[in-house]
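Every chain is numbered from 1, with letters handed out A, B, ... down the list of sequences. Computation of the quantities below employed the complete heavy-atom set of this structure, encompassing side-chain atoms and omitting hydrogens, waters and symmetry-equivalent molecules.
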2 protein chains.
Amino acid sequence: MPPARKTALSSGSSSVQDYVKVIYAFTEWQDKPITSSQLAVRLGVANSSVSEMVRKLVELQLVDHRPYSAIELTGAGRRLALTMVRRHRVLETFLVQELGYAWDEVHDEAELLEHTVSDTFINRMAAKLGNPQRDPHGDPIPSADGTVHVPNAVQLEELDGGHTGRITRISDADADLLRFFSSEQIRLDDRVEVVGRRPFGGALVVRFGPTGSARELDLGDQAAAALWVHSDPHPGCLLAS
Amino acid sequence: MPPARKTALSSGSSSVQDYVKVIYAFTEWQDKPITSSQLAVRLGVANSSVSEMVRKLVELQLVDHRPYSAIELTGAGRRLALTMVRRHRVLETFLVQELGYAWDEVHDEAELLEHTVSDTFINRMAAKLGNPQRDPHGDPIPSADGTVHVPNAVQLEELDGGHTGRITRISDADADLLRFFSSEQIRLDDRVEVVGRRPFGGALVVRFGPTGSARELDLGDQAAAALWVHSDPHPGCLLAS
DNA sequence: CCCAATTTTTCGGCATGCCTAAATTTTGCC
DNA sequence: GGCAAAATTTAGGCATGCCGAAAAATTGGG
């Protein structure tokens, strides 16, 4: 008897889910596919572990991979990844809105729960929340059928002086950073203006808050990379025709 | 460096938690400690697996055990078990009250989640629910500090004809049975009267509902064992002086 | 173009938990 | 009390995922 034939789309083990999720997250921003060693770093495992697991993911038809080349999700892999992303973000939203968690507390809890909860559970949470489109950090929540609307934002880091915009996304990867943003009262949907950059690769100077009472602030590289901005059209930039 | 020294009270693996939970659940009703083979049946694993795991539980000082004799929880074991029971029952209550789950849907979901959630998560759920004393099946919810009030109920099965009482607890072990109770409109806190027993080990005849419009019903052994009743004092029984 | 540095894979090992089959110990019936 | 049946433990294996070390493939600088 064949061993209980996986529902194809269905979960896979907790490890499989993590691998697929990280591969997806990488591709979401970089346009290059992820390499074995980058995957190892992000998962905190040895390169050899990645090699083995990737072989398994190929068998499960979740990724495409030729030896010594980069790793790309298949359609099924992408669907699984989107399921995991949806779970994670619905959970985070629920923790904040219904259970009074703070911004910086939700990531780790969601990271654990996302592997365990049923689709029913997620969908009922989402329904209770009114099927929100984004989570507390501004990350888009894929719908149950797997569609996502990724807002076209850029990292604050990449904007030149003079640009203005609205914060649409704040990376939840580093809880300390989130606490820093909290303490500086930097929040989703705040307006922001890039003033300039301190010389010799120094901090980014930005202005936050309403145009009258704006606070000026120095942001280090990590902070500037964690903030994603929907940039307003700018005189010096004709890309947005 | 010693390997990340367990917080003593802290979780243990998912398997350890299940073993401890089943050992506890058994002792909650039977006054004899559980044997190896009974444990195997309840966990759905082979006897040999139990032997191995019990050795590990002894090492972890969660149970006491001499070879070939029964298995008993230590203080730490009981504390861990109560933590798990609390988690399970808070989860069940939350699923029913906040997410609109039905009675018979919650057990399996809670069974999975109880191993994954943090204490914070459980305590915030409990707080949101107003720190309930019992779950949707009437099972008592241990408080965060590990105190439980077990209502002194007996299985309906064990009552003789003529006894009356109130249903205080309905075992959630069998979802089909729960659906049966639902369809028969048998609910927590309903009054019940034992009419008698069909001859030759037959079904138990009981009467449910308000004294005027009561329905009479035959209950099989499994159904009668799943219903726990707080029995009223009875003329023929002088145990409650 | 070639060789050394880097990346990736393979190879043996470890830990967890489970299994079946084979001891071993206990129990209960006569 | 003895002996067979039942319960329990030990022994040897399997699957999953991880590791470090060693081998193999790729790469990039001279």
Euclidean distance, atom [atom1] of residue [X] to atom [atom2] of [N] [Å, nearest integer]:
X	N	atom1	atom2	result
A:L39	C:dT8	CG	P	10 Å
A:M53	D:dC18	CE	C1'	9 Å
B:L43	D:dT8	CG	P	14 Å
A:Q38	C:dT7	CD	P	10 Å
B:E59	C:dA15	CD	C1'	13 Å
A:L60	D:dA15	CG	P	15 Å
A:R66	C:dT8	CZ	P	13 Å
B:K56	D:dT9	NZ	C1'	18 Å

Which residue pairs pass the salt bridge (charged side-chain N to carboxylate O under 4.0 Å, His left out) test when at least one of the two sits in residues 138-148 of chain B, sequence neighbours left out?
B:D139-B:R169
With sequence neighbours excluded, give me every salt bridge (charged side-chain N to carboxylate O under 4.0 Å, His left out) pair touching residues 45-60 of chain B.
none
Scan nucleotides 22-26 of chain C against the protein and return all N/O pairs shorter than 3.5 Å with their distances rounded to 0.1 Å.
| unit_1 | atom_1 | unit_2 | atom_2 | d |
| --- | --- | --- | --- | --- |
| C:dT24 | O2 | B:Y68 | OH | 3.4 |
| C:dT25 | O4' | B:Y68 | OH | 3.2 |

Any donor-acceptor pair under 3.5 Å linking the side chain of [X] with the backbone of [Y]?
X	Y	answer
B:W103	B:P136	yes
B:Q97	B:F94	no
A:T27	A:P33	no
A:R89	A:P140	yes
A:Q155	A:A225	yes
B:Q38	B:T35	yes
A:Q133	A:I141	no

Phosphate contact ([N] OP1 or OP2) by [X] side-chain N/O below 4.0 Å:
X	N	answer
B:S15	C:dC18	yes
A:S37	C:dT8	yes
A:Y19	D:dT16	no
B:S36	D:dT9	yes

Angle separating the five-pair end axes of the helix from C:dC1-D:dG30 to C:dC30-D:dG1, nearest 10°, is 10°
Do B:D176 and B:R179 have side chains that get closer than 4.5 Å, going by heavy atoms?
yes
Would A:E105 and B:R124 pass as an ion pair if we require N to O under 4.0 Å?
yes
I need the single residue from B:L99, B:L95, B:D135 that forms a side chain to side chain contact (heavy atoms under 4.5 Å, CB included) with B:V106. Which is it?
B:L95
Applying the side chain to side chain donor-acceptor pair (under 3.5 Å) test to B:E114, which of B:R87, B:K21, B:R86 qualifies?
B:K21
Just by distance, no angles: are the side chains of B:H137 and B:E92 close enough, under 3.5 Å, to form a donor-acceptor pair?
yes
When you measure from every atom of DNA chain C, which of residues 107-117 of chain B have a heavy atom less than 4.0 Å away?
none
Checking all strands, does A:A46 fall into the base, sugar-phosphate, or nothing category for heavy-atom contacts under 4.0 angstrom?
sugar-phosphate
So which protein nitrogen or oxygen atoms get under 3.5 Å of nucleotides 10-14 of chain D's nitrogens or oxygens?
| unit_1 | atom_1 | unit_2 | atom_2 | d |
| --- | --- | --- | --- | --- |
| D:dT10 | OP2 | B:R55 | NH2 | 3.1 |

